[in-house]
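Below is one structure; the comments refer to it alone.
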Amino acid sequence: MASGSRNEERWKERNGYHPGTMVGTQGRGFRIIKPEMCYFCFDVLYCHLYNLQPPQVPSFCNENYPLFVTWKIGKDQKLRGSKKTATFLPEVPTAQGWDKIQTIDSLLRKGGYKGAVTPEVRRSIRLVRYQSEMISVTYADYLHHCRSRSQGEH
């Protein structure tokens, strides 16, 4: 059990999770995202896949924030997630090495625009920028969370 606790503490450090404290993130004095949000997503998927009742309403902050969930599958760890949206997480353009024009053009294509992308088209779009927070949990983390929860540790 001590080993699991030590691993959980390292995981929390790696993901910037510090309960009861304010953690700086992208100019804000706190983090909204918590590992429990990922666990809830696992719960929802599990209940759906096994035709069970949806999980109980979570106790974490349930304000109106967009949620983007991805998961990695297969040996090559390809990302899978929501489709048909014309948005990128703020980290994507930097990770792809795109400048502003390339990012806007990619968003137009992702949103289904099939015409010629001209300077006039780019000037006509309404662009909304936002901040994001990322956190990851593995299935092993989720299983550990479930065991802790069932043993009354959570």
Side-chain angles (χ1 to χ4, degrees), residues 1-100 102-113 127-154:
M1 186 63 161
S3 173
S5 297
R6 189 172 43 235
N7 287 338
E8 186 173 354
E9 290 307 314
R10 279 189 287 222
W11 178 87
K12 286 179 179 179
E13 264 184 47
R14 202 171 55 242
N15 285 286
Y17 177 69
H18 305 281
T21 63
M22 300 297 231
V23 178
T25 174
Q26 297 185 12
R28 293 188 307 263
F30 63 94
R31 289 189 68 152
I32 294 166
I33 196 163
K34 305 267 185 281
E36 288 77 12
M37 294 172 173
C38 297
Y39 300 146
F40 181 71
C41 291
F42 272 115
D43 286 343
V44 169
L45 288 171
Y46 182 88
C47 290
H48 178 76
L49 290 172
Y50 291 98
N51 295 316
L52 301 172
Q53 290 295 316
Q56 292 182 357
V57 175
S59 60
F60 53 76
C61 170
N62 199 19
E63 298 295 320
N64 189 19
Y65 300 108
L67 174 66
F68 187 85
V69 178
T70 60
W71 56 95
K72 297 178 183 179
I73 62 169
K75 291 180 183 178
D76 55 358
Q77 296 289 289
K78 287 188 177 180
L79 286 179
R80 296 289 184 250
S82 64
K83 303 281 185 186
K84 307 269 187 208
T85 58
T87 186
F88 289 131
L89 292 171
E91 298 82 13
V92 169
T94 303
Q96 296 295 322
W98 295 336
D99 61 21
K100 289 178 184 179
Q102 291 169 312
T103 301
I104 290 170
D105 292 358
S106 294
L107 283 167
L108 286 165
R109 295 295 180 215
K110 185 176 183 182
Y113 183 76
L127 180 68
V128 176
R129 292 175 31 173
Y130 56 95
Q131 297 177 341
S132 70
E133 296 177 0
M134 273 195 291
I135 196 164
S136 297
V137 298
T138 65
Y139 187 64
D141 295 329
Y142 172 66
L143 292 177
H144 175 75
H145 167 76
C146 290
R147 282 190 294 274
S148 298
R149 183 173 54 190
S150 69
Q151 295 170 0
E153 296 177 24
H154 220 281

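Atoms considered below: every heavy atom in the structure, side chains included; atoms not considered: hydrogens, waters and symmetry mates.
- Across Ile135 and Lys34, no two heavy atoms sit closer than the pair CD1-C, 3.9 Å.
- Rounding to the nearest 0.5 Å places CD1 of Ile33 at 5.5 Å from SG of Cys38.
- The shortest side-chain heavy-atom distance between Pro58 and Glu36 does not fall under the 4.5 Å cut-off.
- To the nearest 0.5 angstrom, Lys100 atom NZ is 9.5 Å from Thr103 atom OG1.
- Each salt bridge (charged side-chain N to carboxylate O under 4.0 Å, His left out) pair with one or both residues in residues 44-57, not counting sequence neighbours, would appear here, but there are none.
- In this structure Asp99 satisfies the side chain to side chain contact (heavy atoms under 4.5 Å, CB included) test together with Ile101, Gln102, sequence neighbours excluded.
- Under the rule for a side chain to side chain contact (heavy atoms under 4.5 Å, CB included), the partners of Phe42 that lie at least two apart in sequence or sit in another chain are Val137, Tyr139, Tyr142.
- In this view, Val92 and Phe88, Leu89, Gln96, Trp98 satisfy the side chain to side chain contact (heavy atoms under 4.5 Å, CB included) rule, not counting sequence neighbours.
- Between Pro54 and Val44, every side-chain heavy-atom pair lies at or beyond the 4.5 Å cut-off.
- Within the structure, the salt bridge (charged side-chain N to carboxylate O under 4.0 Å, His left out) test picks out the following pairs touching residues 43-53 (sequence neighbours left out): Asp43-Arg149.
- Taking Tyr113 as the reference, nothing meets the ring pair (Phe, Tyr, Trp, His ring centres under 6.0 Å) condition, with sequence neighbours excluded.
- With rounding to the nearest 0.5 angstrom, the NE2 atom of His144 is 7.0 Å from the OH atom of Tyr39.
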